[in-house]
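Notes follow once the structure below has been shown.
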Number of protein chains: 2
Amino acid sequence: MKKHITIKDLALKLSVSVSTVSRALRNAPDINLKTKEAVLRLAEELDYEPNALAKSLVQKRTHLIGIIVPELDMQFFSSSIRGVQEEAYKRGYNVLIAQSNEDYELEVENIKSMVASRLDGLIVSLSRKTKDFSHFDKIIRRGIPLVLFDRTSKNIDSSKVEADGVEGAYAATEHLIEQGYKRIAHLGGPKNLEISQKRLKGFMDAMKINDMPINEEYLITCDLSREDARLKATELMSLQKPPDAIFAINDPIAIEAMKVIKEIGLNIPFHVGMIGFNDEPICELLEPKLSSVNIPTIKMGHHAAQILIDQIEGDNTRIVHEVLPCNLVIRESSNKRGFIKQNKVSV
Amino acid sequence: MKKHITIKDLALKLSVSVSTVSRALRNAPDINLKTKEAVLRLAEELDYEPNALAKSLVQKRTHLIGIIVPELDMQFFSSSIRGVQEEAYKRGYNVLIAQSNEDYELEVENIKSMVASRLDGLIVSLSRKTKDFSHFDKIIRRGIPLVLFDRTSKNIDSSKVEADGVEGAYAATEHLIEQGYKRIAHLGGPKNLEISQKRLKGFMDAMKINDMPINEEYLITCDLSREDARLKATELMSLQKPPDAIFAINDPIAIEAMKVIKEIGLNIPFHVGMIGFNDEPICELLEPKLSSVNIPTIKMGHHAAQILIDQIEGDNTRIVHEVLPCNLVIRESSNKRGFIKQNKVSV
DNA sequence: TTGTAAGCGTTATCAA
DNA sequence: TTGATAACGCTTACAA
């Protein structure tokens with residue numbers, strides 16, 4: 001790697017001091033316009049690019065925020081990241097993205113690296129395998145601003161931004177009940193994740209309030225991998241009395257369940273109703289189109305970034321916990337009544 | 001933000017010099033085992049975390065590589081990134097991810113920021129709007145290792161890793177011809193992108209070799225946005241003699257075209273055959289399942305990282321250009337013969 | 001308006 | 001095996 005031009009080089013060539021160059025580059029007020037222009041011209045000419053490392057070292061601020069997500073190829077996460085970026089750029093921060101690949105060790109590693117690089121703050125969505133939270137305790141003890149995002153945990157004492165999973169699950173479940181489904185199952189996520197707990201709670205609440213019997217066999221969890229989802233969906237459909245509707249923890253899981261059901265030769269939504277969560281664009285492309293719970297991802301990203309940067313800039317240690325409303329999007333996969341009417345099937 | 005512990009603090013508490021502490025932390029050879037243990041113990045106790053900024057400043061190496069992609073929510077990119085990460089971690093590098101959102105200014109901004117942060121090397125996949133390459137000239141002039149990835153350009157004089165678009169497009173087109181399609185169209189990408197040019201070339205080659213007439217009206221380009229794809233597909237299907245098969249530049253574009261065709265009431269693959277590119281997981285979930293050209297993404301990521309890191313570590317200025325073979329995956333959307341046989345339709 | 005000098009947290013080069 | 005000390009490239013008092 002070739003030598004980078006430094007302010008020293010510029011100073012030398014112009015026979016001024018480094019502080020003068022520094023002033024010119026930062027367009028500080030106390031500098032002669034002519035010297036400033038000369039510096040700027042030379043900098044341009046020599047292709048000077050400031051060394052952020054040096055600057056950060058002295059200022060103790062990197063103007064960098066980090067975001068760690070379990071995976072990138074879900075619209076949910078990538079779109080949230082876009083929200084974070086938009087807000088961050090607006091306020092003069094750059095965003096460093098990392099993915100933990102749903103792996104605990106990698107999550108720890110990523111955080112360590114970001115702390116070492118002295119990022120000004122972190123936004124994290126927990127990996128599904130994260131059950132120990134001591135790496136977050138460290139961050140908090142250090143006083144590094146932290147916002148948990150979507151995949152949160154009550155074991156971590158930080159600001160949080162999440163979607164209202166209870167409410168969303170409630171709406172989804174109630175919709176299934178209204179459509180006349182009787183044996184409704186929930187294909188949930190790992191118990192250690194709070195989103196799993198909340199969506200389960202919304203499900204249970206809706207069932208109870210509507211006097212629906214709860215069958216323990218219909219309360220299944222998977223580890224959020226496609227493989228396990230397929231396995232658990234198969235188990236579910238192999239029960240003596242299989243469910244006639246499934247509320248899945250998210251869209252990829254719902255999609256696996258749909259595959260299983262179609263392979264058995266059952267019709268969705270007629271024999272089995274299905275609702276997912278996240279409202280990934282793919283929902284629109286499936287046959288039947290998958291009903292799902294929409295989450296305001298961009299907005300969540302905005303809020304997370306706002307809270308984080310406020311915390312970075314004010315010495316505002318106040319912990320904020322934001323819960324954004326979701327929105328049930330009804331499509332074909334749960335529209336039993338519509339299907340019956342349209343196809344003139346008798347029940 | 002609280003004060004970070006530094007080696008100075010450790011040195012003070014242990015009444016040794018900073019260089020001793022530094023040696024202990026880096027487990028240098030020339031140090032007494034006992035002092036080393038004492039240092040390590042105290043560091044652990046005080047929750048010392050090294051300041052990578054300072055280290056990088058003096059070493060002129062960050063052990064960070066950056067990757068910039070147009071967007072994150074395509075399996076193609078996120079999976080390539082995973083490949084880059086795997087290789088990078090293996091060799092002691094961390095990976096910083098950024099997305100340009102297909103925006104030229106943001107691409108320039110991202111690169112600037114990475115250069116300012118003195119990343120050791122960059123892997124870049126061009127945004128679809130990038131037609132000016134001077135920001136890359138600067139990088140190259142600086143001697144910063146650079147590998148272009150998938151979305152490359154011959155205007156940039158750097159190492160490159162890409163899939164064999166000509167070959168992939170050729171195979172796809174030839175397959176359509178073999179299936180008996182007669183009026184084959186290509187819904188391509190913007191001309192400034194080399195992948196567009198290559199896939200077009202593969203298409204043309206296959207048509208010519210098989211003595212298929214080329215209808216200029218069937219050679220359409222879109223800007224890779226869903227909206228434009230829909231528009232162009234609609235135009236294509238509104239022609240007096242619409243095509244009976246489309247080879248699309250990638251899967252999202254193919255999906256938009258499929259939607260349009262289905263809305264008109266035509267059957268895929270019977271009335272119109274369709275093939276995409278990238279082999280996103282969604283291909284399997286569509287109805288009909290979308291034929292596509294598979295790209296070895298993880299492998300491409302590995303190679304890109306290898307080439308980059310080799311370049312970083314050796315002062316190996318040799319430019320490498322790797323073209324990895326693709327693989328046509330035939331599914332329902334292009335299987336006209338199969339469809340005819342199965343449904344006993346007469347042609 | 002400019003320059004001098006100290007310092008940010010490391011590593012690296014000498015001596016001791 | 002250890003300790004001074006000078007860098008790294010920048011900002012920031014303070015002095016001129």
Side-chain angles (χ1 to χ4, degrees), chain A residues 1-40 42-43 46-64 113 115-120 142 144, chain B residues 1-40 42-43 46-64 113 115-120 142 144:
Chain A
M1 170 135 57
K2 268 177 230 164
K3 200 185 156 296
H4 287 271
I5 301 284
T6 71
I7 54 171
K8 223 174 179 171
D9 300 326
L10 299 180
L12 222 62
K13 293 224 177 189
L14 291 166
S15 320
V16 295
S17 73
V18 287
S19 35
T20 301
V21 176
S22 170
R23 273 187 275 259
L25 260 16
R26 288 175 284 139
N27 65 356
D30 50 349
I31 187 165
N32 182 292
L33 190 62
K34 275 199 184 145
T35 33
K36 181 168 157 180
E37 278 170 354
V39 172
L40 259 28
L42 187 66
L46 261 47
D47 223 27
Y48 167 80
E49 193 74 47
N51 186 326
L53 299 173
K55 179 174 176 176
S56 300
L57 186 58
V58 25
Q59 294 194 146
K60 293 169 175 306
R61 301 272 273 93
T62 53
H63 282 274
L64 251 33
S113 159
V115 171
S117 295
R118 296 297 189 265
L119 301 209
D120 291 342
R142 275 203 151 70
I144 299 175
Chain B
M1 171 134 57
K2 267 178 230 162
K3 199 184 157 296
H4 286 271
I5 300 285
T6 71
I7 55 170
K8 225 173 180 171
D9 300 325
L10 299 180
L12 222 63
K13 291 224 180 191
L14 291 166
S15 322
V16 296
S17 74
V18 288
S19 28
T20 302
V21 175
S22 170
R23 273 188 274 258
L25 261 15
R26 289 177 282 141
N27 63 356
D30 50 349
I31 187 166
N32 182 292
L33 190 62
K34 275 196 184 148
T35 33
K36 180 169 159 179
E37 278 170 353
V39 171
L40 259 29
L42 187 66
L46 262 46
D47 224 27
Y48 167 81
E49 193 73 48
N51 186 327
L53 298 173
K55 180 175 173 175
S56 300
L57 185 59
V58 26
Q59 294 194 147
K60 294 171 176 305
R61 300 274 273 94
T62 54
H63 282 274
L64 251 33
S113 158
V115 171
S117 295
R118 296 297 189 266
L119 301 210
D120 291 342
R142 276 204 150 68
I144 298 174

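We name chains A, B, ... by the order of the sequence lines, and we start the count at 1 in each one.
Checking dT11(D), dT11(C), dG9(D) against the side-chain heavy atoms of Ile7(B) singles out dT11(C) as nearest. The side chain of Val58(B) sits closest to dG9(C) out of dT2(C), dG9(C), dT13(C). Ranking dT2(D), dC8(D), dT2(C) by closeness to the Asp30(A) side chain, first place goes to dT2(C). Relative to the side chain of Arg26(A), the nucleotides dT11(D), dG3(C), dT1(C) differ in distance, and dT11(D) lies closest. Checked against dT10(C), dA13(D), dC8(D), the side chain of Arg23(A) finds its nearest nucleotide in dA13(D). Candidate nucleotides dT2(C), dT10(C), dC10(D) were compared by shortest atom distance to the side chain of Thr6(A), and dC10(D) ranks first. When the nucleotides dC8(D), dT11(C), dT2(C) are ranked by their closest atom to the side chain of Ser22(B), dT11(C) comes out on top. Among dC8(C), dT12(D), dT11(C), the nucleotide with an atom closest to any side-chain atom of Lys8(B) is dC8(C). Relative to the side chain of Thr20(A), the nucleotides dG3(C), dA4(D), dG9(D) differ in distance, and dG3(C) lies closest. Taking the side chain of Asn51(B) as heavy atoms from C-beta on, and the options dC8(D), dT10(C), dT4(C), the nearest nucleotide is dT10(C).
In this structure, Gln59(B) atom CD and dG9(C) atom C1' are separated by 12 Å, rounded to whole Å. The CG-P distance, from Leu53(B) to dG9(C), rounds to 10 Å in whole Å. Lys55(A) has its NZ atom 18 Å from the P atom of dG9(C), to the nearest Å. With rounding to whole Å, Leu12(A) atom CG is found 12 Å from dG3(C) atom P. For the pair Ile31(A) CD1 and dT12(D) C1', the computed distance is 14 Å after rounding to whole Å. Taking atom OH on Tyr48(A) and atom C1' on dG9(D), their separation rounds to 8 Å, with Å as the unit. Counting to the nearest Å, the C1' atom of dT2(D) and the CG atom of Leu33(B) are 15 Å from each other. Atom pair Glu37(A):CD and dT1(C):P shows a separation of 13 Å (rounding to whole Å applied).
In terms of heavy-atom proximity, Ser117(A) sits nearest to Leu64(B) at OG-CD2, 4.5 Å.
Looking at Ser22(B) and Ser19(B), their side chains never bring a donor and an acceptor atom within 3.5 Å of each other.
Among Val21(A), Leu42(A), Leu25(A), Asp9(A), the one residue that satisfies the side chain to side chain contact (heavy atoms under 4.5 Å, CB included) test with Tyr48(A) is Leu25(A).
Put simply, Ser19(A) has no side-chain N or O that comes within less than 4.0 Å of OP1 or OP2 on dT11(D). The phosphate of dT11(D) has neither OP1 nor OP2 within less than 4.0 Å of any side-chain N or O from Lys60(A).
Using a 4.0 Å heavy-atom cutoff across all strands shown, Ser56(A) reaches no nucleic acid atom at all.
Rounded to the nearest 0.5 angstrom, Leu53(A) CG and Lys55(B) NZ are separated by 13.0 Å. Taken to the nearest 0.5 Å, the CG atom of Asp30(B) stands 5.0 Å off from the CZ atom of Arg23(B).
Remark: side-chain polar atoms of Thr6(B) are paired, donor with acceptor, to backbone N or O of Lys8(B) under 3.5 angstrom.
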